[in-house]
A.B. asks: 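Right, I'll just put the structure down here and ask away after.
Hydrogens, waters and symmetry mates play no part in the numbers below; they use all other heavy atoms, side chains included. Computed from a predicted model, the values in this text were never measured in an experiment. In what follows, chains are A, B, ... by sequence order, proteins preceding strands, each numbered from 1.
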Amino acid sequence: MLDRKYIVENAAAVKQNCANRGVEADVDRLVALEAKRRDLLNQVQELNRQANEVSKGIGKAKDAEEREAHKEAGRTLREEKERVQSEHDELDKEITTLQSGIPNLSHPDAPIGEDDKSNLEIRTGQHAPPEFDFTPLDHVDLAEKLDLIDFEGGARVAGAGFYFLKNDAVLLELALTQYALQMLIGEGFTPVTTPDLAYTEILHGTGYIPRGPETQIYSIENSNLNLVATAEITIGGLLAGQTVDAEELPLKICGSSHCFRTEAGAAGRASRGLYRVHQFTKVEMFAFTLPDQSEAMLDHFCELECRIFDGLGIPYRVVDTATGDLGGPAYRKFDLEAWMPGRGDGGEYGEVTSTSNCTDFQARRLNIRFRRKGEKGTQFVHTLNGTALAISRALIAVLENNQQADGSINVPEALRPWMGKDKIGLP
RNA sequence: GGAUGGGUGGCCGAGUGGUCGAAGGCGGCAGUCUUGAAAACUGCUGUACUCGUAAGGGUACCCUGGGUUCGAAUCCCAGCCCAUCCGCCA
């Protein structure tokens with residue numbers, strides 16, 4: 001959420017930003033309503049002040065008659081205050097709704113464009129896409145041959161989009177998790193495993209909208225809980241309502257969680273197999289920083305993602321995400337797209353990680369502040385998130401890029417210590 | 001699931017319907033003393049919003065939401081959360 005005062009004082013810039021991001025938001029109405037709301041707020045405060053004064057005078061009243069007169073005056077003032085207050089509260093609610101619809105500001109260097117076609121490639125990985133002297137299979141066929149994934153079983157139990165990992169795929173998931181966590185711990189992250197459910201307010205705070213018609217979130221009936229779509233939600237919520245000392249920042253946390261997504265309306269070839277599923281495991285990076293640390297932290301996160309995929313020997317490119325493709329909370333976002341030989345005709349890049357600097361957009365909603373020693377008041381922290389490894393999509397890249405002519409899969413060097421083998425062979 | 005006890009400032013912890021933004025302690029900051037430090041002593045020390053160029057006013061906030069009252073941290077109702085014990089259980 002952007003700051004109200006900021007929106008009012010920079011309405012033109014905010015409107016331009018909405019246009020760049022392809023977001024419809026009635027900024028003018030917000031500005032008008034906010035002026036009115038302020039006026040009402042002042043009235044409420046003045047009425048309260050008068051009522052307080054009257055109440056204080058009651059003890060000093062010299063006789064019963066005067067006391068009664070004071071009481072009556074107090075009653076009238078409080079009633080009037082109630083009236084103005086409820087008018088104010090209604091406006092406040094509407095403004096908050098408008099405000100929630102306004103996306104974060106955008107980094108001046110973020111490419112301007114309405115969708116991912118405007119994303120700008122900014123770097124590529126150490127490894128070039130592999131040349132096969134045979135026709136490579138996609139991960140669904142590979143998994144079938146090697147008995148690694150049971151999609152039918154998943155569908156039987158929970159419907160399309162669910163799956164059982166099987167045999168060496170299970171070890172691969174654990175190996176990938178270990179590989180990522182070990183690297184991040186080495187980089188000073190505090191590892192956590194997080195709840196897989198979170199309160200609706202926490203989802204809202206991080207910019208997710210559960211329980212709407214277009215929601216991507218599973219909710220638990222008769223409760224205020226939702227299955228999380230990413231550990232970003234729970235780790236961000238970890239400090240909700242807290243004020244931390246500036247010296248404690250930046251705080252780097254990495255978490256492993258399950259991720260649940262309804263993926264309403266998504267189907268087709270591009271989401272075959274593991275690419276778009278309702279549940280997967282993900283190792284997530286998260287940081288709470290001082291405002292002047294967040295840009296460097298975003299580069300750091302991007303760097304780590306590259307290191308993780310270079311370490312796995314997977315070819316990739318990194319794109320600077322266009323304004324229209326940023327999503328609400330992100331100020332700037334880098335996506336890492338891995339080469340998937342089985343995707344499309346002859347291979348395509350597919351998004352495997354995403355790292356965003358959300359500046360104070362999430363922190364404002366979550367009310368996460370920091371205090372500098374010796375300074376009055378508090379400020380909002382900046383939050384950043386980045387995928388270290390989304391296991392399901394990483395599996396696609398690992399399986400497809402490392403397939404051999406004989407149908408086996410070479411286990412990437414970096415995973416061998418955790419896998420206990422260097423080849424996934426035919427059963 | 002059952003029973004009980006709780007939710008008060010950065011933390012601990014008191015609080016009789018008005019003088020309570022809230023005792024006291026701890027912590028923090030500044031000062032006195034000291035060669036320096038510690039100790040001791042003295043003073044200061046919440047947040048947000050709002051009015052004001054400023055100095056400085058004002059309003060709100062004692063888990064949340066309602067209610068009673070001229071007036072609620074305090075009384076009433078509902079809810080949420082936490083802790084402990086019992087039961088069940090990985």
Side-chain angles (χ1 to χ4, degrees), chain A residues 1-9 30-31 33-96 99 193-205 210-211 219-226 234 237-249 251 258 288 290-291 360-381:
Chain A
M1 198 159 59
L2 286 183
D3 180 42
R4 264 185 210 186
K5 210 186 289 179
Y6 181 90
I7 297 170
V8 169
E9 286 167 5
L30 187 150
V31 171
L33 292 181
E34 176 63 5
K36 211 159 131 197
R37 186 193 69 84
R38 261 174 193 242
D39 183 52
L40 291 174
L41 180 63
N42 285 333
Q43 288 181 41
V44 168
Q45 293 188 349
E46 175 59 17
L47 287 166
N48 262 329
R49 194 192 61 74
Q50 289 176 18
N52 287 343
E53 207 170 84
V54 167
S55 292
K56 276 181 199 154
I58 285 186
K60 298 181 197 120
K62 58 180 186 306
D63 55 39
E65 196 182 327
E66 191 180 323
R67 227 176 346 260
E68 273 316 309
H70 272 95
K71 284 189 185 181
E72 185 51 36
R75 252 192 298 270
T76 311
L77 282 167
R78 304 269 174 192
E79 274 166 21
E80 175 68 1
K81 179 235 139 191
E82 273 314 309
R83 201 184 54 70
V84 183
Q85 177 86 56
S86 66
E87 204 179 327
H88 166 274
D89 291 350
E90 222 158 284
L91 272 183
D92 191 58
K93 222 172 116 192
E94 188 178 345
I95 293 167
T96 302
Q99 194 181 358
T193 58
T194 93
D196 284 338
L197 287 88
Y199 286 133
T200 300
E201 304 81 74
I202 300 292
L203 285 264
H204 274 140
R211 298 168 201 257
S219 315
I220 307 297
E221 222 176 327
N222 298 324
S223 89
N224 199 20
L225 289 165
N226 312 270
T234 44
L238 190 59
L239 293 184
Q242 306 289 302
T243 303
V244 299
D245 288 333
E247 303 97 276
E248 291 173 35
L249 301 174
L251 211 59
H258 292 118
F288 301 95
L290 296 173
D360 61 1
F361 192 86
Q362 292 177 323
R364 183 168 293 108
R365 259 267 166 109
L366 290 168
N367 194 22
I368 305 175
R369 302 157 179 276
F370 69 89
R371 190 196 320 275
R372 278 204 173 88
K373 255 203 171 64
E375 276 182 26
K376 267 274 182 196
T378 57
Q379 289 179 64
F380 292 110
V381 303

A.B. asks: Ignoring backbone atoms, test whether A:Arg75 places a side-chain nitrogen or oxygen under 4.0 Å from the OP1 or OP2 oxygen of B:U69.
C.D. replies: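 No.
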A.B. asks: Taking the P atom of each, how far is B:C26 from B:A40, in whole Å?
C.D. replies: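 My reading of the P atoms in B:C26 and B:A40 gives 9 Å.
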A.B. asks: Once salt bridge (Lys or Arg N to Asp or Glu O under 4.0 Å) is applied, do any residues pair with A:Arg365, and if so which ones, sequence neighbours excluded?
C.D. replies: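 Result, salt bridge (Lys or Arg N to Asp or Glu O under 4.0 Å) vs A:Arg365: none returned.
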A.B. asks: When the C1' atoms of B:U68 and B:U50 are compared, how many Å lie between them, rounded to an integer?
C.D. replies: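 To the nearest whole Å, 30 Å.
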A.B. asks: For A:Asp360 and A:Gln379, which I'm curious about, is there any donor-acceptor pair between the side chains at under 3.5 Å?
C.D. replies: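 Note: A:Asp360 and A:Gln379 side chains miss the donor-acceptor criterion.
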A.B. asks: Thinking salt bridges, do A:Lys56 and A:Glu53 make one under a 4.0 Å N-O criterion?
C.D. replies: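 Salt bridge between A:Lys56 and A:Glu53, a charged N being under 4.0 Å from a carboxylate O: no.
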A.B. asks: For RNA chain B, whose closest nucleotide is more 5', that of A:Gly74 or that of A:Leu41?
C.D. replies: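 Final value for this comparison: A:Leu41.
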A.B. asks: What is the distance, to the nearest angstrom, from the CG atom on A:Asn48 to the P atom on B:U59?
C.D. replies: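 It works out to 8 Å between those atoms.
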A.B. asks: Donor-acceptor pair, distance only, cut-off 3.5 Å: does the side chain of A:Thr378 make one with the backbone of A:Arg371?
C.D. replies: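 Checking the backbone N and O of A:Arg371 against the side chain of A:Thr378, no donor-acceptor pair under 3.5 Å is found.
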A.B. asks: What residues, two or more places apart in sequence or in another chain, satisfy salt bridge (Lys or Arg N to Asp or Glu O under 4.0 Å) together with A:Glu94?
C.D. replies: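 By the salt bridge (Lys or Arg N to Asp or Glu O under 4.0 Å) rule, A:Glu94 matches A:Arg29.
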A.B. asks: How long is the line joining CG of A:Asn42 and P of B:A60, in whole Å?
C.D. replies: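 So the CG-P distance, A:Asn42 to B:A60, works out to 14 Å.
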A.B. asks: Quickly work out the A:Leu239 CG to B:G10 P distance and round it to whole Å.
C.D. replies: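 So the CG-P distance, A:Leu239 to B:G10, works out to 16 Å.
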A.B. asks: Taking only N/O atoms, report every protein-nucleotides 44-48 of chain B pair under 3.5 Å with atom names and distance.
C.D. replies:
from  : atom 1 : to       : atom 2 : distance (Å)
B:U47 : OP1    : A:Gly377 : N      : 3.4
B:A48 : OP1    : A:Thr378 : N      : 3.2
B:A48 : OP1    : A:Thr378 : OG1    : 2.8

A.B. asks: Please write out each protein N/O paired with an N/O of nucleotides 52-58 of chain B under 3.5 Å, distance rounded to 0.1 Å.
C.D. replies:
from  : atom 1 : to      : atom 2 : distance (Å)
B:G58 : N2     : A:Gln45 : OE1    : 3.2
B:G58 : N2     : A:Gln45 : NE2    : 3.2

A.B. asks: Given the C1' atoms of B:U69 and B:C76, what is the spacing between them in whole Å?
C.D. replies: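 The same atom, C1', in both gives a distance of 12 Å.
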A.B. asks: List for me each residue that meets side-chain hydrogen bond (donor to acceptor under 3.5 Å, both in side chains) alongside A:Asp89, sequence neighbours excluded, and say none if there are none.
C.D. replies: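 By the side-chain hydrogen bond (donor to acceptor under 3.5 Å, both in side chains) rule, A:Asp89 matches A:Gln85.
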A.B. asks: Round to a whole Å and report the spacing from CD of A:Glu72 to P of B:U69.
C.D. replies: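 Going from CD in A:Glu72 over to P in B:U69 covers 13 Å.
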A.B. asks: Without decimals, in angstroms, what is the distance between A:Lys5 NZ and B:C51 C1'?
C.D. replies: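 These atoms are roughly 12 Å apart.
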A.B. asks: Provide the distance between the two C1' atoms, one in B:G79 and one in B:G10, to the nearest whole Å.
C.D. replies: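 These two C1' atoms come out 29 Å apart once rounded.
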A.B. asks: Tell me which nucleotide, if any, is Watson-Crick or G-U wobble paired with B:U74 when both distances must be under 3.5 Å.
C.D. replies: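 Paired with B:U74, as far as the under-3.5 Å criterion goes, is no nucleotide at all.
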A.B. asks: With both distances kept under 3.5 Å, what pairs with B:A90, Watson-Crick or G-U wobble?
C.D. replies: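 None - no nucleotide pairs with B:A90, as no candidate has both distances under 3.5 Å.
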A.B. asks: Consider the side chain of A:Lys71, meaning its heavy atoms from C-beta on, and name the nucleotide among B:C70, B:C51, B:U59 that approaches it most closely.
C.D. replies: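 Taking heavy atoms from C-beta onward, the closest nucleotide is B:C70.
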A.B. asks: With P as the reference atom in both, quote the distance from B:C51 to B:U42 in angstrom, rounded to an integer.
C.D. replies: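 To the nearest whole Å, 41 Å.
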A.B. asks: Does B:G43 have a Watson-Crick or wobble partner in any strand here, with both distances under 3.5 angstrom, and which is it?
C.D. replies: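 In the structure as shown, B:G43 has B:C29 as its Watson-Crick or wobble partner.
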A.B. asks: In the structure shown, which nucleotide is the Watson-Crick or G-U wobble counterpart of B:U59, with both distances under 3.5 Å?
C.D. replies: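 Partner of B:U59: B:A48.
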A.B. asks: By side chain to side chain contact (heavy atoms under 4.5 Å, CB included), which residues pair with A:Asp39, not counting sequence neighbours?
C.D. replies: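 For A:Asp39, the residues satisfying side chain to side chain contact (heavy atoms under 4.5 Å, CB included) (neighbours in sequence not counted) are A:Gln43.
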A.B. asks: Rounding to the closest angstrom, what is the interatomic distance between B:C63 and B:G7 at atom C1'?
C.D. replies: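 Nearest-Å result for B:C63 against B:G7 at atom C1': 6 Å.
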A.B. asks: Send over the distance from A:Asp39 CG to B:U59 P, rounded to a whole Å.
C.D. replies: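 In whole Å, B:U59 P lies 18 Å from A:Asp39 CG.
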A.B. asks: Excluding sequence neighbours, so at least two apart, what forms ring pair (Phe, Tyr, Trp, His ring centres under 6.0 Å) with A:Phe288?
C.D. replies: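 Ring pair (Phe, Tyr, Trp, His ring centres under 6.0 Å) list for A:Phe288, sorted by chain: A:Phe286.
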A.B. asks: Without swapping roles, check the side chain of A:Arg37 against the backbone of A:Leu91 for a donor-acceptor pair under 3.5 Å.
C.D. replies: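 Absent.
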A.B. asks: Rounded to whole angstroms, how far apart are CD on A:Glu53 and C1' on B:U19?
C.D. replies: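 Taking atom C1' of B:U19 as the reference, CD of A:Glu53 is at 16 Å.
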A.B. asks: Can you name the residues that form a side-chain hydrogen bond (donor to acceptor under 3.5 Å, both in side chains) with A:Thr96, not counting sequence neighbours?
C.D. replies: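 Here the qualifying residues are A:Arg4.
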A.B. asks: Any strand is fair game: report the nucleotide pairing with B:A3 by Watson-Crick or G-U wobble, both distances under 3.5 Å, or none.
C.D. replies: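 Base-paired to B:U84.
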A.B. asks: Going by purine N1 to pyrimidine N3 plus the second Watson-Crick contact, or the G-U wobble pair, all under 3.5 Å, which nucleotide sits opposite B:U16?
C.D. replies: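 When the pairing criteria are applied, nothing turns out to pair with B:U16, so the answer is none.
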A.B. asks: Using Watson-Crick or G-U wobble geometry with both distances under 3.5 Å, which nucleotide pairs with B:A54?
C.D. replies: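 By the stated definition (distances under 3.5 Å), nothing pairs with B:A54.
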A.B. asks: For A:Asn367, check side chain to side chain contact (heavy atoms under 4.5 Å, CB included) against everything at least two apart and list the hits.
C.D. replies: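 Counting only residues at least two positions away or on another chain, A:Asn367 forms a side chain to side chain contact (heavy atoms under 4.5 Å, CB included) with A:Arg369, A:Phe380.
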A.B. asks: A:Lys81 has an atom NZ; how far is it from atom P of B:U69, in whole Å?
C.D. replies: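 Taking atom P of B:U69 as the reference, NZ of A:Lys81 is at 15 Å.
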A.B. asks: Under the rule for side chain to side chain contact (heavy atoms under 4.5 Å, CB included), what residues qualify as partners of A:Gln242, not counting sequence neighbours?
C.D. replies: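 Side chain to side chain contact (heavy atoms under 4.5 Å, CB included) check on A:Gln242 returns A:Leu239.
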A.B. asks: Give a yes or no on whether a salt bridge exists between A:Lys5 and A:Glu9, defined as a side-chain N under 4.0 angstrom from a carboxylate O.
C.D. replies: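 No, no charged N to carboxylate O under 4.0 Å.
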A.B. asks: When the P atoms of B:G65 and B:C70 are compared, how many Å lie between them, rounded to an integer?
C.D. replies: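 To the nearest whole Å, 23 Å.
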A.B. asks: Would you tabulate the pairs of protein nitrogen or oxygen atoms and nucleotide nitrogen or oxygen atoms of nucleotides 74-80 of chain B closer than 3.5 angstrom?
C.D. replies:
none

A.B. asks: A:Glu87: what forms a salt bridge (Lys or Arg N to Asp or Glu O under 4.0 Å) with it, not counting sequence neighbours?
C.D. replies: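 Result, salt bridge (Lys or Arg N to Asp or Glu O under 4.0 Å) vs A:Glu87: A:Arg83.
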A.B. asks: Between B:C29 and B:G66, how far apart are the two P atoms, rounded to whole Å?
C.D. replies: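 Pairwise P distance, B:C29 against B:G66, rounds to 41 Å.
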